[in-house]
Amino acid sequence: MKSFLDELIENQSRIHPIILGFYKVEIENNMSYNNYHKLQIKVIEKSLLKLVVDSSFDFTASDRDANLDIPYMD
């Protein structure tokens, strides 16, 4: 998982923020459900801080396709 996270960090400027946010949440969930050593968790948490995620997307917005972040053309 650490190598995958490192690749995400390295390529984050080319990955859509929704995808980055999804992977960040999934990595956090994975850490809570698996039995990692405390030092492994610290290393992953430190790397997660380098993953900048724009959390300004409103997935409940009714005026656009929130999953694709495309405004509707009414």
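Met31 approaches Ile44 most closely through the heavy-atom pair SD-CG2, 3.0 Å.
Following chains of ILVMFWY side-chain contacts shorter than 4.5 Å, one can reach Ile19 starting from Phe4, so the two form part of one hydrophobic cluster. Under a hydrophobic clustering in which Ile, Leu, Val, Met, Phe, Trp and Tyr are joined whenever their side-chain heavy atoms come within less than 4.5 Å, directly or via other members, Leu51 and Ile15 fall into the same cluster.
Here the side chains of Ile27 and Leu8 are in contact, with some heavy-atom distance below 4.5 Å. With a 4.5 Å cut-off on side-chain heavy atoms, Tyr23 and Val53 do not count as touching. Proximity of Met1 to Asn34: side-chain heavy atoms (C-beta onward) are nowhere separated by under 4.5 Å.
Panel note: side chain Gln12, backbone Val52; a donor-acceptor pair is recorded below 3.5 Å.
In this structure, the separation between NE2 on His16 and CZ on Phe22 is 14.5 Å, given to the nearest 0.5 Å.
Qualifying side chain to side chain donor-acceptor pair (under 3.5 Å) partners for Lys2, counting only residues two or more places apart in sequence or in other chains: Asp6, Ser47. For Asn35, the side chain to side chain donor-acceptor pair (under 3.5 Å) criterion is met by no residue, not counting sequence neighbours.
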